Amino acid sequence: MKIATYNVNGVNGRLPVLLRWLKEAKPDIACLQELKTSDEKFPEQSLKEIGYSSIWHGQKSWNGVAILTKDGYEVEEIEKGLPGDPEDVQSRYIEAKINGVIIACLYLPNGNPAPGSKFDYKMTWFKRLLTKAGRLIKLNLPVVLVGDYNVVPTEMDAHKPERWVNDAVFFPEPRAAFQKLLKQGWIDAIRELYPDQKMFTYWDYFGNAFKRDAGIRMDHFLLSPDLGKRLIAGGIDKHVRAWEKTSDHAPVWIEISGK
DNA sequence: ATGGCATCGTGTCGATGA
């Protein structure tokens, strides 16, 4: 089973790129972030026409997450919105059970400018995620905690770490929180497959960042321990970042053995 | 220290992102 994640940065503006990538990559499950659309304007029909069913948690203009599945899979929606703060109106979390696997699709707050209130929100959200992740891993079920974490875990995950030291994605606090997730037992799938390689999932639009390969790795697949044993392949669809009208992120995918 | 570039909305610029 192939599972992918893609921060589309506007699902309607990006629709041609999204459809082209789906037809090419053919993931069984695709988790999307930064839909930037209200629920009403989610392009359900266009995705249906190429064989994907969707569940989504949208929000006008900002944020938004979705889980797409190839027709034929049964999707049991579990939750929209991350628990822990009823006042939080931002759409950044959606969870479903598909084919016996719990898929938690998330878009962690960026947190810039840091320090400040947005950074505080990032860390509060991260603490709620740690609580949620701790509960999920205790279920002893196959779980995928996947999406745009807005965290560059280590220096190896940045082309030029110095460029990011004043950015919330590279601040010590979110990096420490990411390490806490790993300590819970989650496996960073891409790092597991490529322990020594610089692997990027995001490149700035400006300064020819993609051509210079001046990227960072912020989109992550965290796998529950049992799923980690079923990990057989994974990668980054870097070529998609070179397409016309493309997102600043590239899709990331993994292949899990079994049904 | 800043901007670079791109998205969305009801706009022709501001807010947001990273």
Side-chain angles (χ1 to χ4, degrees), chain A residues 5-21 31-43 46 56-66 88-93 105-126 129 147-175 177-178 198-220 236 238 240-252:
Chain A
T5 186
Y6 190 16
N7 178 320
V8 291
N9 190 3
V11 73
N12 287 310
R14 204 73 64 205
L15 193 58
V17 168
L18 174 61
L19 296 175
R20 179 180 171 190
W21 166 70
C31 299
L32 307 182
Q33 303 86 33
E34 268 205 277
L35 304 178
K36 293 186 170 181
T37 179
S38 62
D39 282 334
E40 295 74 27
K41 290 183 180 163
F42 182 85
S46 302
W56 63 94
H57 185 33
Q59 178 186 334
K60 191 176 174 182
S61 304
W62 315 119
N63 310 313
V65 283
D88 186 1
V89 295
Q90 300 192 22
S91 299
R92 297 178 172 276
Y93 186 90
C105 170
L106 63 100
Y107 175 44
L108 206 132
N110 166 273
N112 280 308
S117 60
K118 295 204 170 170
F119 187 71
D120 296 341
Y121 173 63
K122 177 178 197 163
M123 292 316 300
T124 305
W125 204 94
F126 215 145
L129 181 63
D148 179 358
Y149 281 74
N150 268 311
V151 176
V152 178
T154 71
E155 303 223 330
M156 203 201 301
D157 299 307
H159 169 258
K160 204 177 160 191
E162 318 85 85
R163 182 245 177 275
W164 297 98
V165 291
N166 293 317
D167 194 293
V169 301
F170 204 72
F171 263 42
E173 295 91 335
R175 291 171 67 191
F178 190 83
K198 291 222 170 196
M199 304 284 290
F200 305 138
T201 66
Y202 168 91
W203 298 260
D204 280 328
Y205 280 122
F206 31 79
N208 277 319
F210 183 63
K211 278 188 183 152
R212 296 186 291 114
D213 199 24
I216 48 180
R217 189 174 73 101
M218 300 197 288
D219 301 270
H220 308 297
I236 297 161
K238 196 175 164 182
V240 174
R241 181 62 181 77
W243 291 355
E244 286 294 309
K245 296 281 285 176
T246 199
S247 169
D248 39 7
H249 294 249
V252 187

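Owing to the predicted nature of the structure, the values given are computational and were not obtained by experimental measurement. Chain letters run A, B, ... following the sequence lines, proteins first, then strands; residues in each count from 1.
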inquiry  = So for atom CD, which belongs to Glu162(A), do other residues, nucleotides or ligands contribute more than 12 heavy atoms lying within a distance under 6.0 Å?
reply    = yes

Lys160(A) atom NZ, over 12 foreign heavy atoms within 6.0 Å =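 Count not over threshold, so no.
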
For [N] and [M], measure between their [atom1] atoms and round to the nearest Å.
| N | M | atom1 | result |
| --- | --- | --- | --- |
| dT12(B) | dT7(B) | C1' | 16 Å |
| dT10(B) | dA15(B) | P | 15 Å |
| dA1(B) | dT16(B) | P | 23 Å |
| dG11(B) | dA6(B) | P | 24 Å |

note = Minimal heavy-atom distance between Phe200(A) and Met156(A), with the atoms involved, is CE2-O, 4.3 Å

ask   = Are the side chains of Trp56(A) and Thr37(A) in touch, meaning some heavy atoms are under 4.5 Å apart?
value = no

ask   = Could you state the CG-P distance from Asn208(A) to dA6(B), rounded to the nearest angstrom?
value =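 Computing the Asn208(A):CG to dA6(B):P distance gives 11 Å.
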
message = Can you measure Asn12(A) atom CG to dT7(B) atom P for me and round it to whole angstrom units?
response =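 In whole Å, dT7(B) P lies 12 Å from Asn12(A) CG.
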
message = At under 4.0 Å between heavy atoms, how does the protein contact nucleotides 9-18 of chain B? Give one character per nucleotide, 5' to 3', with B, S or -.
response = SS----BSSB

Most 5' of Gly10(A) and Gly207(A) on DNA chain B, judged by nearest nucleotide =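 Its nearest nucleotide lies further toward 5', so the answer is Gly207(A).
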
ask   = So among Tyr202(A), Tyr6(A), Trp21(A), which one has a side-chain contact (heavy atoms from CB on, under 4.5 Å) with Ser247(A)?
value = Tyr6(A)

message = So, using salt bridge (charged side-chain N to carboxylate O under 4.0 Å, His left out) as the criterion, who are the partners of Arg217(A) when residues are at least two apart?
response =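 Salt bridge (charged side-chain N to carboxylate O under 4.0 Å, His left out) check on Arg217(A) returns Asp157(A), Asp188(A).
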
